[in-house]
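In what follows, a structure is listed as structure tokens, so that the remarks can point back to it.
These values consider heavy atoms only, across backbone and side chains, with no hydrogens, waters or symmetry-generated copies.
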Amino acid sequence: MIAETLTASLHLTSPELILGIGALVLLMIGVFAGPKSAGLVNTLAILLLVGVMGWIYVTPLEGLAFGGVFKADAFARYMKIAALFAAAVSLFMAAVRAKAEQLDQFEFPVLVVLATLGMMLMISANNLISVYMGLELQSLALYVLAAINRDNVRSTEAGLKYFVLGALSSGMMLYGMSLVYGFTGNTGFTEIAAALSSETRSLGFVFGLVFVLSGFAFKISAVPFHMWTPDVYEGAPTPVTAFFAGAPKIAAIAMLTRIVLSAFDPVFHDWQQVIVFISIASMILGSFAAIGQKNIKRLMAYSSIGHMGYALVGLAAHNQTGVSGLVIYMTIYIAMTLGTFAIIMSMRNAEGQPSENIDDLAGLSSSNPFMALILTLLMFSLAGIPPLAGFFAKYFVFVAAIEAKLYALAIIGVLASVVGAYYYLRVIKVMWFDQPRGGFAPASAGLKLVYGLSGLFVTAYVLFGGMLGTAADVAAKALF
């Protein structure tokens, strides 16, 4: 590789380089300063994530790096900013509850930064090898984060389950990639698409395609590879769960979108069937399985499964409208989820112990009307009630499905959304109509800020949704 090409590649990957070097510096600070450096490392990690986010925003990068394995474009830029934002907010919320959740250790923010670096590599991956490299960098950090509270049996159990099932899904994906390589002779997305265009796709390739999509389905908690989600969401510390529910989902959806629209586009009828199936299955299971849940973190796990199903409707449409709707959906989903988890982290009794049962919210409207109001707005938005942001998120993906003549998918999505509204409305009913149970300890100012801004976002979306839609259109156009 000549010097000019290397310099150009380093420039295109500058956000990832900054994040990687920053993670190593934070690790050194933590190692040499000792356990008391947790707060400093956490603050520096948040500043690092925000700084990289600003660098990406002010420095539009376009092109291929390192021989085409890394691609910088408008789609990658948008999704990276979203992932960095979700990670930074998650770290901010974790800092507020660090001591209570036993997360006041410098390794925690370093692992979050490393996981975020893996996500950024996933979003820009343009080769099967770089996809796997980014995926494993993210996954290994997430396995440790799930079990970071080693003295808690639920946390260690969650970490073990996530690790075993995650290793299985990675193996399936890697086997699928080997089949794709074997039957196309290439690992680069452009070369794979060219090979599929010039010859009839083989049955072996279809098997490889299914295995690759199965691995992606695990990473986004889509049915039938969702089984880890409720247990990990419930068992992991709540700040870790908030992180899991946000940034990794953005990266996995972005990676799935890029690979099917770049590498597998010539055989879109094959992968479209798989996407439609897991979309329908996720919407239905997410709607019905959450009805009987009593733990609010498990309810949010099934809610996440359902929302990934709705997001996949936009991808199944296989058009620019669908990808734009998908990008908007993930942005709104992140805002709703982070706000909801900020409230869950604020659910603590007078002794400071966490309260995770939905029934513990009884009478919240009388003891903490502001929290009750914001959670009501977020639940209505998650249910897709107009004119809140969640309604527009679903509207855009369903319009794309109708445009692609996927009428059955759109109808099933609407019906599943109606069923899913039940368990969101149940939370609202408990807060406003049940007898009070004593209320919660006052929430910290940091968490109030997060869920307050989240409530403002879903309420005022109609005022700035046009700007977000324009940015999403630019991002989607980069893939077509």
Side-chain angles (χ1 to χ4, degrees), residues 1 9 12-13 16 20 63-73 75-76 79-80 83 115 117-142 166-220 222 225 248-272 274-275 278 312 315 318 323 478-479:
M1 184 178 288
S9 295
L12 286 172
T13 57
E16 286 75 15
L64 297 173
F66 300 111
V69 302
F70 181 98
K71 186 171 186 178
D73 56 14
F75 178 75
M79 299 305 271
K80 284 179 184 178
L117 173 60
M119 295 170 206
M120 293 176 68
L121 292 173
M122 288 162 57
I123 292 169
S124 280
N126 197 44
N127 186 291
L128 295 178
I129 305 301
S130 53
V131 165
Y132 191 72
M133 183 181 72
L135 184 67
E136 286 308 295
L137 176 58
Q138 173 209 259
S139 298
L140 291 171
L142 294 185
L168 175 64
S169 74
S170 295
M172 290 172 59
M173 182 184 291
L174 199 57
Y175 178 61
M177 288 178 176
S178 69
L179 288 175
V180 171
Y181 171 69
F183 285 94
T184 62
N186 295 282
T187 57
F189 290 176
T190 306
E191 292 80 6
I192 291 173
L196 294 174
S197 299
S198 61
E199 59 186 43
T200 305
R201 61 107 175 98
S202 61
L203 183 61
F205 169 80
V206 175
F207 272 99
L209 173 65
V210 171
F211 274 110
V212 170
L213 294 180
S214 298
F216 285 127
F218 177 90
K219 300 305 177 186
I220 62 173
F225 303 98
K249 297 289 174 63
I250 292 177
I253 280 283
M255 183 173 63
L256 174 61
T257 303
R258 187 182 294 281
I259 196 170
V260 297
L261 293 178
S262 298
F264 303 145
D265 193 57
V267 292
F268 85 90
H269 289 293
D270 290 316
W271 61 256
Q272 187 183 50
V274 179
I275 297 296
I278 63 177
L312 289 175
L315 181 57
H318 188 248
V323 176
L479 297 177

Full working for side chain to side chain contact (heavy atoms under 4.5 Å, CB included) between Phe70 and Glu16: CA-CA 11 Å; Phe70 181 98; Glu16 286 75 15; 3.5 Å; yes
CA sep, side-chain torsions, deciding dist, call: Leu315, Val260, side chain to side chain contact (heavy atoms under 4.5 Å, CB included): CA-CA 9 Å; Leu315 181 57; Val260 297; 3.8 Å; yes
From CA spacing to verdict: side chain to side chain contact (heavy atoms under 4.5 Å, CB included), Leu261, His318: CA-CA 8 Å; Leu261 293 178; His318 188 248; 3.6 Å; yes
Side chain to side chain contact (heavy atoms under 4.5 Å, CB included) evaluation trace for Glu191 with Thr184: CA-CA 8 Å; Glu191 292 80 6; Thr184 62; over 6 Å; no
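With rounding to the nearest 0.5 angstrom, the NZ atom of Lys71 is 6.0 Å from the CG atom of Leu64. For the atom pair CZ of Phe264 and CD1 of Ile192, the computed distance is 5.5 Å after rounding to the nearest 0.5 Å. Here the straight-line distance linking atom CG of Leu312 with atom CZ of Phe216 works out to 12.0 Å at 0.5 Å rounding. From Phe225, atom CZ reaches atom CD1 of Ile220 across 11.0 Å, with rounding to the nearest 0.5 Å. Put simply, CE on Met119 and NZ on Lys80 are 13.5 Å apart, with the number rounded to the nearest 0.5 Å. Here the CE atom belonging to Met122 is positioned 4.5 Å from the CD atom belonging to Gln138, to the nearest 0.5 angstrom.
Heavy atoms only, all atoms of each residue included: Leu117 and Gly20 are closest at CD2-CA, 3.7 Å. Across all non-hydrogen atoms, the minimal contact from Ala251 to Ile123 is CA-CG1, 4.0 Å. The shortest non-hydrogen separation linking Ala83 to Ile250 is N-CD1, 3.9 Å. In terms of heavy-atom proximity, Gly63 sits nearest to Leu12 at C-CD1, 3.7 Å. In this structure, Thr13 and Ala65 approach most closely via the heavy-atom pair CG2-CB, 4.1 Å. For the residue pair Gly134 and Leu121, the shortest heavy atom distance occurs at CA-CB, 4.0 Å.
A distance-only check finds no donor-acceptor pair linking the side chain of Ser124 to the backbone of Ala76 [under 3.5 Å]. A donor-acceptor pair under 3.5 Å links the side-chain atoms of Asn127 to the main chain of Ile129, judged by distance alone. No donor-acceptor pair closer than 3.5 Å links the side chain of Arg258 to the backbone N or O of Asn126. Checking side-chain atoms of Ser262 against main-chain N and O of Ile259 turns up no donor-acceptor pair under 3.5 Å. Of the possible donor and acceptor atoms, one in the side chain of Ser198 sits under 3.5 Å from a partner among the backbone N and O of Ala195. Here the side chain of Ser9 pairs a donor or acceptor atom with the backbone of Phe66 at under 3.5 angstrom. Of the possible polar contacts, none joining the Asp270 side chain to the Phe268 backbone as a donor-acceptor pair under 3.5 Å is found.
In this view, Phe218 and Trp228 satisfy the ring-ring contact (aromatic ring centres under 6.0 Å, His included) rule, not counting sequence neighbours.
Side chains of Leu213 and Ile278 form no contact here, defined as non-hydrogen atoms less than 4.5 Å apart. A heavy-atom distance below 4.5 Å is not found between the side chains of Phe211 and Val180.
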Only pairs under 3.5 Å count here: list side-chain donor-acceptor contacts from residues 167-175, not counting sequence neighbours, and write none if there are none.
| unit_1 | atom_1 | unit_2 | atom_2 | d |
| --- | --- | --- | --- | --- |
| Ser169 | OG | Gly166 | O | 2.9 |
| Ser170 | OG | Glu136 | OE2 | 2.8 |
| Ser170 | OG | Gly166 | O | 3.0 |

Please tabulate, for the side chains in residues 203-210, all donor-acceptor contacts under 3.5 angstrom to protein atoms that are two or more places apart in sequence or on a different chain.
none

